[in-house]
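One structure is given below, encoded as structure tokens.
Letters A, B, ... mirror the listed sequences (proteins, then strands); counts begin at 1. Here the structure is a predicted model, which means the values were calculated and not measured.
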Protein chains: 4
Amino acid sequence: MRRTDKKQAILDTALALFVSQGFYATSTASIAKQAGVANGTLFHHFASKDELMNHLYLTIKQELANAITTHAAPCGELELDAKNLWNAAISWAIENPLKQAFFQQYSMSPSIAAEIKQQAMNGILGFMGELIYRGQKLGLLASYPLSLMLEGCHGQYLAATRYFIDHPDKWRDETHKQASFSIFWNAMKA
Amino acid sequence: MRRTDKKQAILDTALALFVSQGFYATSTASIAKQAGVANGTLFHHFASKDELMNHLYLTIKQELANAITTHAAPCGELELDAKNLWNAAISWAIENPLKQAFFQQYSMSPSIAAEIKQQAMNGILGFMGELIYRGQKLGLLASYPLSLMLEGCHGQYLAATRYFIDHPDKWRDETHKQASFSIFWNAMKA
Amino acid sequence: MRRTDKKQAILDTALALFVSQGFYATSTASIAKQAGVANGTLFHHFASKDELMNHLYLTIKQELANAITTHAAPCGELELDAKNLWNAAISWAIENPLKQAFFQQYSMSPSIAAEIKQQAMNGILGFMGELIYRGQKLGLLASYPLSLMLEGCHGQYLAATRYFIDHPDKWRDETHKQASFSIFWNAMKA
Amino acid sequence: MRRTDKKQAILDTALALFVSQGFYATSTASIAKQAGVANGTLFHHFASKDELMNHLYLTIKQELANAITTHAAPCGELELDAKNLWNAAISWAIENPLKQAFFQQYSMSPSIAAEIKQQAMNGILGFMGELIYRGQKLGLLASYPLSLMLEGCHGQYLAATRYFIDHPDKWRDETHKQASFSIFWNAMKA
DNA sequence: AATGAATGAGGATTCATTCAT
DNA sequence: CATGAATGAATCCTCATTCAT
């Protein structure tokens, strides 16, 4: 087993257990045991259980950001850009149900410090803010306060993924796919 | 101090602490202490910490439901009904920021058993489900799957209250008030 | 077993174990076990291992102070007062070898916070300082700085008790008793 | 960096940390880190944390012995010999406050095995024992038991250095210097 | 109903030490 | 010589819950 493998094993196991049992119901000992490493090894790589959680959160948010920027290169046409972005984000969630469930549970939970969430928000949803700003400049999107709209987007995203995770087959149905985007888009349209 | 006063003190304190520190970070001992009662008294009124939490959750959800039915009697005109419902719900949230924050945190958290959440959900979203169903029948609302739309509504509601709690003065501004409803309504419009 | 008995059992056991094994080598679990109480009971009475230690230190220092003030009422004649004080202090140490050993080990150790030591020093050795001050005023004691002389007294006391604990029979021998006082007194004499 | 440099860095750092934080509160990891060496390097040079401590103790005691024999060659006149010895010992302590503090803390502590302390004690107090023996033979010193007097000397030494470390300027003041010796000497005088 | 001392299982974290590189 | 990842036993402390008063 290579060295980075142990760290990764800890992260993978922690993700699975945090999602299935919750942060507080998951002991660091159980993570270590299921990851096949010694108890102390977890603390060799992460200073505390909280730091492990934060690392997980930031890493996964970054993964989502990468998935989006990779699969949804902006073409300039606003609504198309938004749709590609939306589809990429939801696709990622469906392909990574564990990570999606992780966000679902911890996006609003106090298990992750507010500053960590803020940090992720700014870094990741940066392009979303930009897209909205552009849309408002062009008069295509409603001129509501930016942070209200961002909160709305985030909420819509969580709601939509919750739905599609519960009904995975619907995502392959073009009608439903389109429906979810329409709800998202109409909410913001001018 | 009347006998129900102690029970109420426990509930009030628990609400405040659960919101500010989280469920797991709040010990029953700290609730008792801050409520000014003995350690064991808490367990006279509630069989367990979980039961206290559930009681809190159901009680508060009921309060919200009451606030809505009181202030938003349906008149038949769909959009007006929806707007009244929306305003009543958000007003309640702003007048009860602690309880609103409580929902924000615990609506998706594993600290409350799924069945309890389901139970509460049905009571509140009953209104909404009915309204959507009616709107679809009339061709005023988009014919997306009901549960997708309900998820969307819930997400919008949480997002909007999050925003107005952070910017309480905006709720007194008719423009922003209208904006939040438009986002909500346009998302569903046919 | 009465309630205060458990707290006392913990204190007694802690004293014995701290002396025989040292502070760090003594686990809170072993104290609880040997005291016949549950693990958590220790922390019900003392917030932490450190607080237990401090409580022990201050309590015992107070006991010594009580023993001295009880058995050595000042008569006004300086050297006689000093001798009575010295004898009372050493007698106490010999009658309480465990507590004496405790001071021997922890008077200079970092296991007890400096402020706690200071607090004890001021409260307990107060009358010693007064006696020295009086002696200097009368021209009977050397006019060295007070804190130098107090340090000296403390050192002499620890040294003498160390000797008499190792040779308990010598304390009953009037010659040695007198000798120890002479060393102590001559050191300070004008 | 020469090879002995790392060993020395470890010793220097250990001394500083043991004094400022205590033996048990200082982890081997923190020593290594602050010394700028790897975790395992410490254990290349010292088989265990205890061995490192013993090494430190014996080395420093030897240094003190060397300082005394170098600066205080006996001339035959008893009081002068004693004064030279006293001055040399205190001077060394003042010039090496860290090492002095180290003795202060660990001379009585269980962190160092009794046999190690005994071993060191003999080396240093050998001078003193001889001097006292000689003084008693000549009738210049009181005929108290030797070990009582040695304990007294040790106590005086620790007390005096404690004082002068806290008030370093006083050591340059001839009056105080003389005072400290007088306390020491009068205690033993016939 | 109210109390608060007592419980003991459980959990996060530390740390001296080892060993393969 | 030097490294630093890995270990796992040991430890302090927390906390929901019970029960005699």
May I ask you to check whether A:Tyr24 and B:Phe23 place their ring centers less than 6.0 Å from one another?
-> no
Can you measure [X] atom [atom1] to [N] atom [atom2] for me and round it to whole angstrom units?
X	N	atom1	atom2	result
C:Leu42	F:dC12	CG	P	10 Å
A:Phe46	F:dA6	CZ	C1'	14 Å
C:Ile31	E:dA6	CD1	P	16 Å
B:Phe43	F:dA16	CZ	P	7 Å
D:Leu52	E:dC15	CG	P	16 Å
B:Gln21	F:dT14	CD	P	14 Å
D:Leu17	E:dC15	CG	P	12 Å
A:Ile10	F:dA5	CD1	C1'	11 Å

OP1 or OP2 of [N] versus the side-chain N and O atoms of [X]: is any pair under 4.0 Å?
X	N	value
B:Thr41	E:dT3	yes
A:Lys6	F:dT7	yes
D:His44	F:dA2	no
C:Thr28	F:dC12	yes

If you check every side-chain atom of D:Lys49, which of E:dA12, E:dA16, F:dT7 has the closest atom?
->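 For the D:Lys49 side chain, the nearest candidate turns out to be E:dA16.
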Reckon A:Thr26 touches a base, only the sugar-phosphate, or nothing at all at heavy-atom distances under 4.0 Å?
->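 The answer is sugar-phosphate, as A:Thr26 gets under 4.0 Å only of primed atoms, P, OP1 or OP2.
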At what distance, to the nearest 0.5 angstrom, does CG of B:Asn96 lie from CD1 of B:Ile60?
-> 8.5 Å
Would A:Lys117 count as a cation-pi partner of A:Tyr57, with NZ or CZ less than 6.0 Å from the six-membered ring centre and within 45° of the ring normal?
->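 The answer is no, since A:Lys117 fails at least one limit relative to A:Tyr57.
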Yes or no on side-chain contact (heavy atoms from CB on, under 4.5 Å) for C:Thr26 and C:Ser30, after CA distance, side-chain angles and deciding distance?
-> CA-CA 7 Å; C:Thr26 302; C:Ser30 72; 3.8 Å; yes
With sequence neighbours left out, what residues match B:Glu51 under side-chain hydrogen bond (donor to acceptor under 3.5 Å, both in side chains)?
-> none
Could you check A:Ala38 against C:Ser48 and say which one's nearest nucleotide on DNA chain F is further toward the 5' end?
->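 It is A:Ala38 whose nearest nucleotide is closer to the 5' end.
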Between A:Phe103 and A:Lys61, is any pair of side-chain heavy atoms under 4.5 Å apart?
->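 A side-chain contact exists here, since the closest heavy-atom pair is under 4.5 Å.
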Grab the stems for DNA chain E, please: at least three consecutive Watson-Crick or wobble pairs, both distances below 3.5 Å, written as range with range.
-> E:2-21 with F:2-21
Any donor-acceptor N/O pair, A:Gln105 side chain to A:Val19 backbone, under 3.5 Å | yes
5'-most by nearest nucleotide on DNA chain E - D:Ser27 or C:Asn39 |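 Whichever sits nearer the 5' end wins; that is C:Asn39.
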